[in-house]
Amino acid sequence: MIKILKRLIILLTLIVLLFDMSVYILGTKGYYFTFLKPTGNLIPTVLTIVSLLLLTCILKIKIYWIITGGVVSLLFLGTEFLENFGIEYSYEHIKPPTGKETLIIEYRNFKLGETDHFYNFYRKTDFPNVIKKLNKEMVSIMTRRSNDSALEVLGVNNAVWKKGKGVTFKSKYAETKVVFPY
């Protein structure tokens with residue numbers, strides 16, 4: 001029974017590490033898992049820490065290494081938490097009149113006298129639960145004394161779709177072009 005448990009923990013650790021590598025490699029190419037977008041790297045980080053702690057327990061590694069690894073892991077996890085603390089993204093899925101392509105808009109607002117609206121754009125891929133980021137830099141639009149929502153500021157209701165090539169959002173604040181690379 002103990003050998004089976006050890007093998008399962010080793011298998012779990014290998015699966016988690018493969019998952020981590022795939023998340024990293026996909027991220028460098030601008031691809032993301034849809035279920036990880038709202039939390040960022042928090043879930044993979046927690047899974048990695050838990051699996052590595054389980055692995056150290058079954059391999060009977062000295063207790064000071066477990067404590068050191070745990071402290072370093074918690075520091076990293078704390079950094080991940082603080083990095084995403086207070087930054088809450090919202091997501092909107094929009095479709096063109098043809099209804100074929102779905103564009104995912106990730107957006108958030110930051111208010112300090114004026115309001116800065118930040119946007120990222122994604123498109124679904126042929127692989128389930130994988131999306132491709134379309135813009136290299138986050139799009140930013142600043143407004144003053146406006147009660148318009150982030151999607152109104154972007155101009156979602158005034159979108160001009162170019163079949164299979166992209167979309168242009170027009171509002172009184174800005175004109176934003178999103179190009180579909182494939």
Side-chain angles (χ1 to χ4, degrees), residues 20 22-49 72-182:
D20 289 347
S22 66
V23 167
Y24 175 75
I25 292 169
L26 286 173
T28 60
K29 302 294 183 189
Y31 291 90
Y32 302 93
F33 289 108
T34 54
F35 57 90
L36 291 179
K37 266 320 277 169
T39 61
N41 291 329
L42 198 59
I43 291 174
T45 303
V46 170
L47 286 174
T48 303
I49 291 169
V72 169
S73 299
L74 288 175
L75 288 174
F76 179 73
L77 190 60
T79 305
E80 282 289 315
F81 176 75
L82 288 175
E83 188 176 290
N84 293 320
F85 182 73
I87 299 176
E88 188 173 323
Y89 286 97
S90 298
Y91 296 88
E92 185 70 31
H93 297 249
I94 62 169
K95 291 187 178 200
T98 60
K100 291 188 179 182
E101 302 117 2
T102 298
L103 183 69
I104 302 166
I105 304 172
E106 175 186 64
Y107 61 95
R108 70 178 175 94
N109 300 327
F110 179 74
K111 293 183 180 189
L112 188 62
E114 66 269 337
T115 304
D116 289 310
H117 304 272
F118 299 100
Y119 306 91
N120 280 316
F121 304 95
Y122 303 89
R123 191 167 170 205
K124 291 182 178 180
T125 65
D126 293 335
F127 296 103
N129 294 318
V130 176
I131 55 176
K132 168 79 171 138
K133 186 175 180 182
L134 300 174
N135 55 312
K136 291 183 182 185
E137 299 291 326
M138 185 177 278
V139 174
S140 174
I141 301 173
M142 184 174 56
T143 60
R144 290 191 175 108
R145 297 184 197 106
S146 172
N147 291 327
D148 292 342
S149 71
L151 295 175
E152 290 172 330
V153 169
L154 180 62
V156 169
N157 295 331
N158 300 321
V160 178
W161 293 85
K162 296 175 188 158
K163 188 176 179 182
K165 295 185 179 183
V167 61
T168 303
F169 297 105
K170 296 180 180 182
S171 72
K172 62 184 178 183
Y173 306 102
E175 184 173 301
T176 306
K177 293 182 181 182
V178 180
V179 178
F180 299 162
Y182 54 92

(message) Would Tyr24 and Thr28 count as a side chain to side chain contact (heavy atoms under 4.5 Å, CB included) here? Give the steps.
(response) CA-CA 6 Å; Tyr24 175 75; Thr28 60; 3.8 Å; yes

(message) Working note: Val139 + Asn120, criterion side chain to side chain contact (heavy atoms under 4.5 Å, CB included); need CA distance, chi angles, decisive distance, verdict.
(response) CA-CA 6 Å; Val139 174; Asn120 280 316; over 6 Å; no

(message) If you apply the rule side chain to side chain contact (heavy atoms under 4.5 Å, CB included), what do you find for Tyr107 with Leu151, and how did you get there?
(response) CA-CA 8 Å; Tyr107 61 95; Leu151 295 175; 3.8 Å; yes

(message) Before you tell me yes or no, could you show the steps for Val156 and Ile105 under side chain to side chain contact (heavy atoms under 4.5 Å, CB included), namely the whole-Å CA-CA distance, both residues' side-chain angles and the distance that decides it to 0.1 Å?
(response) CA-CA 10 Å; Val156 169; Ile105 304 172; 3.9 Å; yes

(request) Before giving the answer on side chain to side chain donor-acceptor pair (under 3.5 Å), spell out for Glu106 and Tyr89 the whole-Å C-alpha distance, their side-chain angles and the decisive distance to 0.1 Å. (result) CA-CA 6 Å; Glu106 175 186 64; Tyr89 286 97; 5.2 Å; no

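A donor-acceptor pair is defined here as one N or O able to donate and one able to accept, closer than 3.5 Å; no such pair exists between the side chain of Ser146 and the backbone of Thr143.
Residue Thr48 comes nearest to Pro44 through the heavy atom pair OG1-O, 2.7 Å, listed as atom of the first residue, atom of the second, then distance. Minimum interatomic distance between Lys29 and Lys132 (heavy atoms only, all atoms of both residues): O-NZ, 3.0 Å. Contact record, Gly155 with Phe169: O-CD2, 3.7 Å, taken as the closest heavy-atom pair. Tyr32 approaches Gly27 most closely through the heavy-atom pair OH-O, 3.8 Å. Of all the heavy atoms in Val130 and Thr34, the pair that sits closest is N-CG2, 4.5 Å. A pairwise comparison of heavy atoms in Asn135 and Phe121 identifies OD1-N, 2.9 Å as the closest pair.
Atom OH of Tyr173 and atom CE of Met142 lie 12.0 Å apart (nearest 0.5 Å). With rounding to the nearest 0.5 angstrom, the CZ atom of Phe118 is 7.0 Å from the CE atom of Met138. Put simply, OG1 on Thr102 and CZ on Arg123 are 9.0 Å apart, with the number rounded to the nearest 0.5 Å. Taking CG from Leu134 and OH from Tyr122, the interatomic distance works out to 9.5 Å, rounded to the nearest 0.5 Å. Rounding to the nearest 0.5 Å gives a distance of 8.5 Å between CG of Asp148 and OG of Ser171. For the atom pair CH2 of Trp161 and NZ of Lys95, the computed distance is 10.5 Å after rounding to the nearest 0.5 Å.
Between Thr115 and Phe110 the shortest side-chain heavy-atom distance does not fall below 4.5 Å. Between Thr176 and Tyr119 the shortest side-chain heavy-atom distance does not fall below 4.5 Å.
With sequence neighbours excluded, the residues that form a side chain to side chain donor-acceptor pair (under 3.5 Å) with Asn109 are His117. Applying the side chain to side chain contact (heavy atoms under 4.5 Å, CB included) criterion to Lys177, with sequence neighbours excluded, gives Thr168, Glu175.
A cation-pi geometry, defined here as NZ or CZ lying under 6.0 Å from the six-membered ring centre and within 45° of its normal, does not hold between Lys165 and Phe180.
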